[in-house]
Amino acid sequence: MSEAALKAPGLTAPSGDANRWKALVFIALAQLMVVLDATIVNIALPSAQTDLGISDGNRQWVVTAYALAFGGLLLFGGRVADLWGRKRAFVLGLGGFAAASALGGAATTGTMMFGARALQGVFGALLAPAALSLLAVMFTDAKERAKAFGIYGAIAGGGGAVGLILGGFLTEYLDWRWTFFVNVPFAVVAALGAWFVIREPEGGRNRSPLDIPGVILSSLGLFALVYGFTRAESDGWGDTVTVAMFVASAVLLLAFVLVESRVKAPLLPLRVVTDRNRGGIYLSLGLAIIGMFGLFLFLTYYLQVVKGYSPVKTGFAFLPMVAGMITGSTQIGTRLMTRVPARLLMGPGFLVAGFGMLLLTQMEIGSSYATLLLPAMVLLGLGMGTAFMPAMSLATSGVEPRDAGVASAMVNTSQQVGGAIGTALLNTIAASAKTSYIKDHIAGAATKPQQQLVGLQGMVHGYSTAIGFAVGILALAALIAFTFVNAGRPGSTPVASGEGVEDEVPVPVVAH
């Protein structure tokens, strides 16, 4: 590590401060809670809908209320973390998330549930960027940073699948309310641990006045964008409100960029996103998440509806993917990140994951789990784990300490928007392919069992068609990683940290 990096204000975590590894435990626990929540609630949704009397038309708001609040407020949450201090924002986010979760578990009406989910999103938007930016400012040694982000990346990638298992167990053997209540002990332990253990380096806060116009424009713009994709999934791309949301989003976000280029203390300094490496990472991560979100959804339905798996068995079926992600992140990514340029981990990682998805395009009703789904999931996990690990680290590397919160928020934003796009876009493709298949084949089905078989075949055809599009999206993510991410090995490439100053960063330079 260079002497300049060691002396950089706000970036140095003293090598004698053993607490940073204890802090990683509580940061990782908080990240696990947020990621788990994204999938655990989906498993519980049918039971909650029945108990609370939520109509089919309104049930989407259990997911949408969270997504809108979380996606719309991420940049604001990252800026608040820079302003207040990441430790304070992290603990406050945990406390609020726990309270909102308890409210959701105690919900007696649909409206109360929707409100609880929106509150979870608000505090999640404060918690997620604070967690990632804490890692960014506490771990600056190349090898230590690689290990820390390897663990964080594995949790970020595999936590969703673990949520399927936990959600299945809680829903089947206890009650859907426990999918909310389970967050409370997670949050309490993480908050107490963080309060006593985390020692945030001094000098990294951004005490500039809050950019109110930027907050309003970015929040409304991201809100409109996420809602547009969410509505497209349920009402179609040509729906008047869907189109209006996309137009409003484009206008608001363009106005946001113009405002940020002119104000003295911007919410999102453009230097954070215009850096070639960081910009490439935000874009490639967002594209990769598009494919990932669609795949989780399709495989869950395929295993439960077509193969007849229970929720618990479905969760266990995803374990090879989790194992692959952990291996790719903590073994391959961590070991190689300090030795090779980031693009040689990200690009090949996305391609390996894409090959795993390519295998799944061969999926049929009678496909074997052991010979098709298992190898595909392992490849997908290995590839994503290997690619995500350097991406998470490089997204906050070389950025000024005062911008660590918003740089971290941009990673979360790219993932959140990617998830919204992936769910809507790939669902639409799958539904269209299914309808077309059934229309072409239903005439030959004379009996009811034959018609049911055609329905299942159409469903699987729709999934495999959409997964084929996801393969192309991952290939594009790999191309962007190879093209834009040109930083070298740690310490070998000076990275602009903003405003014309170049700092030699002791980590593989990248642009959560």
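No hydrogens, no waters, no symmetry mates; every other heavy atom, side chains included, goes into these values.
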[X]: side chain to side chain contact (heavy atoms under 4.5 Å, CB included) partners, not counting sequence neighbours:
X      : value
Ile332 : Leu336, Leu382, Thr386
Phe469 : Leu426, Ile429, Thr465
Ser329 : Ala154, Met389
Ala475 : none

Judged by atom type as modelled, is there a donor-acceptor pair below 3.5 Å linking the side chain of [X] to the main-chain atoms of [Y]?
X      : Y      : answer
Thr274 : Leu270 : yes
Arg117 : Ala69  : no
Gln49  : Ile54  : yes
Ser249 : Met245 : no
Glu260 : Leu267 : yes

Quick one: does [X]'s side chain get under 4.5 Å of [Y]'s, heavy atoms only?
X      : Y      : result
Asp275 : Phe484 : no
Val306 : Val460 : yes
Phe70  : Phe123 : no
Leu94  : Met33  : yes
Phe350 : Leu287 : no
Leu268 : Phe256 : yes
Gln450 : Val454 : no

Below 6.0 angstrom between ring centroids: does that apply to [X] and [Y]?
X      : Y      : answer
Tyr302 : Phe298 : no
Tyr66  : Trp61  : no
Tyr309 : Phe316 : no

[X]: what forms a side-chain hydrogen bond (donor to acceptor under 3.5 Å, both in side chains) with it, not counting sequence neighbours?
X      : result
Thr240 : none
Trp176 : Asp51
Asp239 : Arg231, Thr242
Ser218 : none

Quick one: closest heavy-atom pair of [X] and [Y], and the distance?
X      : Y      : value
Ala100 : Leu119 : CB-CB, 3.7 Å
Val273 : Tyr282 : CG1-CE1, 3.9 Å
Val485 : Gly280 : CG2-C, 4.4 Å
Leu345 : Pro390 : CB-CG, 3.9 Å
Leu127 : Ala30  : CD1-CB, 4.2 Å
Phe388 : Ala288 : CE1-CB, 4.2 Å

Could I get the full list of ring pair (Phe, Tyr, Trp, His ring centres under 6.0 Å) partners for Phe180, not counting sequence neighbours?
->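 So Phe180 forms no ring pair (Phe, Tyr, Trp, His ring centres under 6.0 Å) with any residue.
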
Residues in ring pair (Phe, Tyr, Trp, His ring centres under 6.0 Å) with Tyr437, at least two apart?
-> His441, His461

Atom [atom1] in [X], atom [atom2] in [Y]: separation rounded to 0.5 Å?
X      : Y      : atom1 : atom2 : value
Leu285 : Ile290 : CG    : CD1   : 11.5 Å
Thr413 : Leu225 : OG1   : CG    : 10.5 Å
Asn183 : Ser101 : CG    : OG    : 3.5 Å
Arg79  : Leu74  : CZ    : CG    : 15.5 Å
Leu220 : Leu253 : CG    : CG    : 9.5 Å
Asn427 : Ser432 : CG    : OG    : 12.0 Å

Please test Trp237 against Phe229 for ring pair (Phe, Tyr, Trp, His ring centres under 6.0 Å), starting from the C-alpha separation and ending with a verdict.
-> CA-CA 8 Å; Trp237 297 92; Phe229 280 110; 5.8 Å; yes

In a table with atom names and distances, give each donor-acceptor pair under 3.5 Å that connects a side chain of residues 357-367 to protein atoms at least two apart or in another chain.
{"from": "Thr361", "atom 1": "OG1", "to": "Leu358", "atom 2": "O", "distance (Å)": "2.5"}
{"from": "Ser367", "atom 1": "OG", "to": "Glu364", "atom 2": "N", "distance (Å)": "2.6"}
{"from": "Ser367", "atom 1": "OG", "to": "Glu364", "atom 2": "O", "distance (Å)": "3.1"}

Evaluate the criterion side-chain contact (heavy atoms from CB on, under 4.5 Å) for residue pair Leu217 and Val259; output intermediate values, then yes/no.
-> CA-CA 9 Å; Leu217 289 170; Val259 167; 3.7 Å; yes

Should we say atom CZ of Phe246 is surrounded by more than 12 heavy atoms from elsewhere, each under 6.0 Å from it?
-> yes

Do Leu29 and Val189 pass the side-chain contact (heavy atoms from CB on, under 4.5 Å) test, and can you show the C-alpha distance, the side-chain angles, and the key distance before you say yes or no?
-> CA-CA 9 Å; Leu29 184 63; Val189 171; 3.8 Å; yes

For residues 368-381, dump all side-chain donor-acceptor pairs below 3.5 Å to protein atoms at least two apart in sequence or in another chain.
{"from": "Ser368", "atom 1": "OG", "to": "Ala370", "atom 2": "N", "distance (Å)": "3.2"}
{"from": "Ser368", "atom 1": "OG", "to": "Thr371", "atom 2": "N", "distance (Å)": "3.3"}
{"from": "Ser368", "atom 1": "OG", "to": "Thr371", "atom 2": "OG1", "distance (Å)": "3.2"}
{"from": "Tyr369", "atom 1": "OH", "to": "Ala317", "atom 2": "O", "distance (Å)": "2.6"}

Quiz item: cation-pi between Arg343 and Phe482, 6.0 Å / 45° =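 No cation-pi geometry.
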
